[in-house]
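Keep in mind that what you see is a predicted model, and the values were worked out from it rather than measured. In what follows, chains are A, B, ... by sequence order, proteins preceding strands, each numbered from 1. Computed from heavy atoms alone, side chains included, the values below leave out hydrogens, waters and symmetry copies.
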2 protein chains.
Amino acid sequence: MAGTHRTDPEADALELGAVLRALADEHRRAVMVELAADRGDSERGCHSFDLPISKQTQTHHFRVLREAGLIDEIDYGNRKGIRLRRADVERRFPGLLALLEAESVRRLDRATGD
Amino acid sequence: MAGTHRTDPEADALELGAVLRALADEHRRAVMVELAADRGDSERGCHSFDLPISKQTQTHHFRVLREAGLIDEIDYGNRKGIRLRRADVERRFPGLLALLEAESVRRLDRATGD
DNA sequence: CTTCAGGTACGACTTGCATCGTACCTGAAG
DNA sequence: CTTCAGGTACGATGCAAGTCGTACCTGAAG
């Protein structure tokens with residue numbers, strides 16, 4: 001628990017434009033859909049999303065999500081942790097995470113039986 | 001009432017990605033914020049949004065909104081009408097329009113007293 | 001120490017897209 | 001008919017952004 005938390009914008013300073021631009025990208029949205037569906041809000045390694053892109057690009061995407069105020073990045077020096085800012089996002093944009101969670105269900109439905 | 005309605009995707013075929021990409025643009029989001037705030041859902045001319053862009057670009061933006069399934073375009077040949085697909089959007093993405101309406105309130109607050 | 005995996009910084013490349021110029025269409029008004 | 005405003009089609013342009021290559025840093029394991 002020696003991680004340094006990096007939280008960019010304050011809770012009530014989140015801008016809708018930045019959030020929507022962040023969610024417009026397919027890979028970033030995939031990350032947010034997974035995070036929104038995990039009700040436990042467990043800290044996740046950025047390696048656990050299986051993104052089909054290079055690690056430099058992943059760094060870029062997680063930075064965008066952090067600067068939009070959607071996630072925290074916990075820096076362990078060597079590793080990095082990702083955590084959804086559920087309370088802040090839900091307070092500023094109530095219902096947004098529910099939309100992403102619904103998308104998760106929709107994807108699972110498409111995966112099993114169509 | 002001789003307008004030809006142009007409705008692109010069916011109600012349950014709206015894709016979250018297309019919707020978020022459409023809302024990521026500042027001008028398109030301004031249009032949607034106004035539409036979401038108008039509970040009367042009156043048909044509006046695309047001239048009534050005071051967008052600081054050329055008419056060709058406006059044509060482009062309204063096309064994106066229509067293809068995303070957010071609005072209908074009523075073609076009068078000479079003119080054009082814009083109408084929010086409130087019921088369809090609300091059924092497919094419950095809470096989304098509320099987020100946009102909240103943004104409208106936030107903008108009004110910023111305009112009057114900060 | 002060396003080695004290695006995870007992550008970042010910087011730069012280059014490429015794609016997407018917002019924007020507009022030109023030309024054309026449509027319907028209404030003179 | 002002509003004129004004009006609203007709208008579209010097509011192409012060109014400029015900029016933002018996603019992507020990756022190279023190099024470097026950090027901490028853990030041998």
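In the region residues 25-35 of chain A, proximity to DNA chain D at under 4.0 angstrom, judged on heavy atoms, holds for A:D25, A:H27, A:R28. Applying a 4.0 Å cut-off to non-hydrogen atoms, the residues of residues 53-64 of chain B that approach DNA chain C are B:I53, B:S54, B:Q56, B:T57, B:H60, B:H61, listed by residue number.
Close approach of DNA chain D to chain B, defined as any atom under 4.0 Å from a non-hydrogen atom of the protein, starts and stops at D:dA5 to D:dA9.
Distance check, rounded to the nearest 0.5 Å: CZ of A:R28 to CZ of A:R21 gives 10.0 Å. Once rounded to the nearest 0.5 Å, the distance linking CG of A:L99 with CG of A:L23 reads 10.0 Å. To the nearest 0.5 Å, atoms CZ (A:R63) and CD1 (A:I71) are separated by 11.5 Å.
With sequence neighbours excluded, the residues satisfying salt bridge (Lys or Arg N to Asp or Glu O under 4.0 Å) with A:R86 are A:D41. Annotation: salt bridge (Lys or Arg N to Asp or Glu O under 4.0 Å) contacts of B:R6 (sequence neighbours excluded): B:D75.
Residues B:L100 and B:A36 share a closest heavy-atom pair of CB-CB, 3.8 Å.
With respect to A:E73 and A:R83, no salt bridge is recorded, no charged nitrogen being found less than 4.0 Å from a carboxylate O. Between A:R44 and A:E34 there is a salt bridge, since a side-chain N of the basic residue sits under 4.0 Å from a carboxylate O of the acidic one. Between B:R106 and B:D109, no side-chain nitrogen of the basic residue sits less than 4.0 Å from a carboxylate oxygen of the acidic one, so the salt-bridge criterion is not met.
Stretches of at least 3 consecutive Watson-Crick or G-U wobble pairs, with each checked distance under 3.5 Å, appear in DNA chain D as C:1-30 with D:1-30.
Atom CD of B:E26 has 12 or fewer neighbouring heavy atoms from other residues, nucleotides or ligands inside a 6.0 Å radius. In the displayed structure, A:E15 atom CD is contacted under 6.0 Å by at most 12 heavy atoms of other residues, nucleotides or ligands.
Checked by atom type and distance alone, the side chain of A:S42 never pairs as donor or acceptor with a backbone atom of A:D38 at under 3.5 Å.
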